[in-house]
Structures are given as C-alpha cells and as structure tokens.
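Structure first, then comments.
Chain A is the first sequence line, chain B the second, and so forth, proteins listed ahead of strands; every chain is numbered from 1.
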2 protein chains.
Amino acid sequence: MRPRHPKSKVRILEKAIPLFARAGFSGVSMRDIAKKVGVSAAALYYHFPDKRALYLQAMTQSFADKARALLDVLTTTGTSEERLSGFINRFCKVMQQDPDFLAFLQREMLDGDEIRMQMIAEQVFQEPFRAIEELSKELAPDFDPHMLAISMAGLVIFHLERKTLHLYLPGGRPEHNDPEVIAQHVTKLLLRGLKERDG
Amino acid sequence: MRPRHPKSKVRILEKAIPLFARAGFSGVSMRDIAKKVGVSAAALYYHFPDKRALYLQAMTQSFADKARALLDVLTTTGTSEERLSGFINRFCKVMQQDPDFLAFLQREMLDGDEIRMQMIAEQVFQEPFRAIEELSKELAPDFDPHMLAISMAGLVIFHLERKTLHLYLPGGRPEHNDPEVIAQHVTKLLLRGLKERDG
DNA sequence: GTCTATAGCCGGATAGAC
DNA sequence: GTCTATCCGGCTATAGAC
C-alpha cells in the first residue's frame with residue numbers, strides 16, 4: 001500500500017521519471033518537473049543538489065528491481081526450453097508494462113556516459129545476462145553465448161521499440177503489439193534456431 | 001569527387017549531421033553547429049528558416065540513399081538463403097559504416113513525431129521492408145512476415161547499438177563488434193530458425 | 001552570404017523570507 | 001520544506017551593415 005502523501009522526494013522522482021524517459025535530460029527543464037509535481041522549481045533544489053543528480057536518481061529508481069524480476073524466472077526448474085520460453089515471456093511483459101524503463105534503457109544506450117553504463121550493467125544486467133549466457137550454453141553450445149544473449153534481448157526489445165514506426169510499415173497489425181504474441185514469435189524463432197535438428 | 005569548397009548549405013548539413021545524431025535536437029544549439037562550420041550562428045538562418053528545418057534536412061540527408069543500398073542486394077538472383085545472407089551482411093555493413101544513420105534512427109524511434117516517422121517509413125523503409133517480407137514468406141511461410149522482418153532488423157540493429165553496454169557485460173570480446181562476425185551469427189541463428197527441419 | 005549586435009526568452013541555480 | 005525574487009548565462013531568432 002502506498003501512503004496517500006508520500007515523501008516529497010519520492011513524489012518528485014515519480015513525476016520526473018516519465019518526463020526524463022520521454023524527452024531525455026536536455027529535453028526536460030527543472031521548471032517542467034516542478035510544474036508536474038506542483039511545487040516551485042526552487043523546492044527541487046532542497047531535495048537534489050542539481051539537475052544531473054535528479055536525473056541519475058530518477059533513472060536508478062526506474063531500473064530498481066528489474067534485475068530480480070528477470071532473474072526469478074531464469075532460476076526456476078524445468079527444461080532449458082521451458083526456462084527460455086518463461087524468460088522471453090517475462091521479459092516481454094516487464095518491458096511492456098513499464099515503458100519508462102524501456103525508454104530510459106534506449107536513451108542510455110544512445111547517450112549514456114561510461115559511468116552510467118557501468119552502473120546499469122552492474123546493477124541491472126550483469127546477473128540476468130550471466131544466467132542467459134548459461135542457458136544459451138545448455139541450449140546451443142555451438143553458438144557464442146554472449147552473442148546469443150544479445151540476440152535474445154535484441155529480438156524482444158526491438159519488437160517493443162518499433163511501435164511508432166510500425167503504423168506506417170506494410171503488414172502491421174494491432175496484435176503485433178501484444179506482448180504474448182511477441183513472446184510466442186520470438187520463442188518459436190529462437191527454439192527452432194537453437195536446435196540443430198528437430199522433427 | 002567532392003568539390004574542395006562545397007556549397008555552404010551542404011557544408012552546414014555535413015557538420016550538423018554528426019552533432020544532431022549524437023546529442024539529439026535539444027542537445028545541440030545553433031551556436032554549436034555554427035562553431036563547427038566556422039561561421040556565425042546568424043549565417044545559418046540565411047540557409048534554413050529555423051532550427052527544426054535544419055534538423056529535418058540533416059536527418060533526411062543522413063537517410064538518403066539508404067533504401068537503395070538495402071534494396072539492391074535483396075533483388076539480386078540466387079536462392080532465398082543466399083539473398084537472406086546477402087541482405088544481413090549488407091545491412092550490418094551499412095549500419096556499421098554510418099554510425100550517424102544508426103544514431104538518427106534510434107533517436108527517431110524514441111522521439112520522432114508522427115510526421116517524421118511517416119516520412120522515414122515511406123522514404124526509407126517501406127520498399128526494403130516489403131522485399132524482406134516477401135523473402136520471409138519464401139523462407140518461412142508459417143511465420144508472420146511482418147514480425148519476421150522486424151526480428152531480422154532487430155537482431156542486426158541491437159548487436160550494433162549495444163556497443164557501450166557491451167564493455168561491462170560478461171563475455172564481451174572485441175570481435176563481437178565486427179560486422180562480419182555479427183552478420184554470420186545472425187544469419188546462422190535465422191536460417192536454422194527458419195527451416196522447419198534440416199540435417 | 002556573412003557579419004556584429006541585440007532583442008527577448010528560457011535555462012539552471014541561489015538568497016533569504018516564512 | 002517551500003515560497004518569491006532574482007542572477008546570469010545561453011538559447012533562438014532578427015535587424016541591418018557590408
């Protein structure tokens with residue numbers, strides 16, 4: 001249960017996250033954030049030393065607990081195929097339910113400096129990435145596990161990030177945005193690609 | 001052969017492209033561009049009505065001729081497999097040789113308004129996309145051709161856009177940035193994934 | 001076609017009252 | 001903790017000389 005009047009700092013971050021995720025660091029002003037929160041711009045400086053610190057904390061907040069959500073489903077029991085399918089499903093769902101997280105991730109891959117990238121890698125992706133590499137080794141030992149893990153992430157992420165372009169490309173249909181449809185497509189593509197031979 | 005002193009407008013666009021591609025519309029000022037070109041900011045307004053127009057023309061310029069480069073290799077003769085492999089190779093090479101194009105594309109997928117997205121779709125991606133859908137139908141009639149085309153693009157693009165993150169993820173090696181290595185990986189993954197059964 | 005100068009606005013950030 | 005008022009620099013864009 002969330003309190004009706006959360007601490008100011010939390011309220012500021014809650015409002016700042018979607019703004020920064022959608023317009024980026026230089027696309028949002030402190031006044032924009034203050035207006036959304038319903039306070040003066042000066043009030044923000046009581047809680048954060050400067051704009052960069054506010055951005056960094058907003059991003060960190062948006063990334064929190066994402067690693068755990070992805071790891072959980074990777075460490076359950078079952079065949080390799082079941083774990084892959086479970087992971088792809090969870091990944092699609094997490095990304096679709098939190099568009100701010102996806103936008104932040106895309107933004108950081110474009111603009112992120114070394115320090116922020118290192119933080120993201122260590123705090124969010126390193127553990128799940130390792131688990132996916134292990135799964136890759138089980139499923140397809142003749143593939144480079146690092147590249148295969150990148151491929152899995154890329155397949156899911158690109159299906160979700162191409163949303164706006166999708167409207168104007170031929171053959172686009174509404175169900176192509178359904179995370180379950182995407183997960184099913186990606187899993188089918190991967191599994192057939194991972195088994196060297198199958199009936 | 002490029003003339004030693006190209007028209008000012010062309011010179012401005014040449015300098016503006018990498019700046020906008022790397023920092024985005026709001027991350028670059030008219031003064032930044034003017035400084036790179038070696039003129040005053042006021043001079044830019046002789047050639048472009050405002051900053052938005054300059055950005056749009058820079059983006060359009062960066063996207064020009066990309067459709068043709070991708071289409072050429074799709075319409076050559078050969079088996080479906082050869083055309084797929086040729087396309088993936090070309091796609092990787094084009095994207096890697098022109099990082100500004102890749103950055104612009106990522107940026108527009110994040111920030112692009114409907115008008116710009118429609119322009120990109122119609123002028124750059126519609127024709128090659130249709131050709132890839134046709135190829136998908138030949139190779140794997142039981143897949144949704146639209147989704148498969150998205151998957152192909154996503155695989156290539158994500159391997160190239162994750163460059164900065166890659167340093168901090170386990171198992172990353174220098175050759176993972178080689179476009180030929182990426183193309184080979186993606187082709188292998190796709191072809192095994194596309195054939196329903198193989199020996 | 002390019003310059004200098006400048007208008008007018010908006011940005012981040014601070015001072016000091018309450 | 002939040003306010004109003006403000007500093008000051010950078011921003012887009014224009015005016016007018018050359």
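The CG-C1' distance, from Leu44(A) to dT4(D), rounds to 15 Å in whole Å. Distance CZ (Arg31(A)) to C1' (dT4(D)): 12 Å, rounded to an integer number of Å. Rounded to whole Å, atom P of dT6(D) lies 19 Å from atom OH of Tyr45(A).
Using modelled atom types, no side-chain atom of His146(B) and backbone atom of Glu133(B) make a donor-acceptor pair closer than 3.5 Å. Remark: the backbone N or O of Val94(B) is not paired with any side-chain donor or acceptor of Asp98(B) at under 3.5 angstrom. In this structure a side-chain-to-backbone donor-acceptor pair under 3.5 Å is missing from Ser62(B) to Ala58(B).
As judged by a 4.0 angstrom heavy-atom cut-off over every strand, Val37(B) is placed among residues making no nucleic acid contact. Nucleic acid contact class of Ser29(B) (heavy atoms, under 4.0 Å, all strands): sugar-phosphate only.
A cation-pi arrangement is absent between Lys66(A) and Phe125(A), since the terminal nitrogen or guanidinium carbon is not both under 6.0 Å from the aromatic centre and inside a 45° cone about the axis.
Hydrophobic clustering (ILVMFWY, side-chain heavy atoms < 4.5 Å, transitive): Leu167(A) and Ile132(B) are in one cluster.
Nucleotides of DNA chain C that come within less than 4.0 Å of any heavy atom of chain B span, from the 5' end to the 3' end, dG1(C) to dT4(C).
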Asp72(A)/Arg68(A) under salt bridge (charged side-chain N to carboxylate O under 4.0 Å, His left out): CA gap, chis, key distance, verdict: CA-CA 6 Å; Asp72(A) 281 350; Arg68(A) 187 108 317 270; 3.4 Å; yes
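Across the interface with DNA chain D, nearest-nucleotide mapping of Ser8(A) and Asp50(B) shows Ser8(A) to be the residue nearer the 5′ end.
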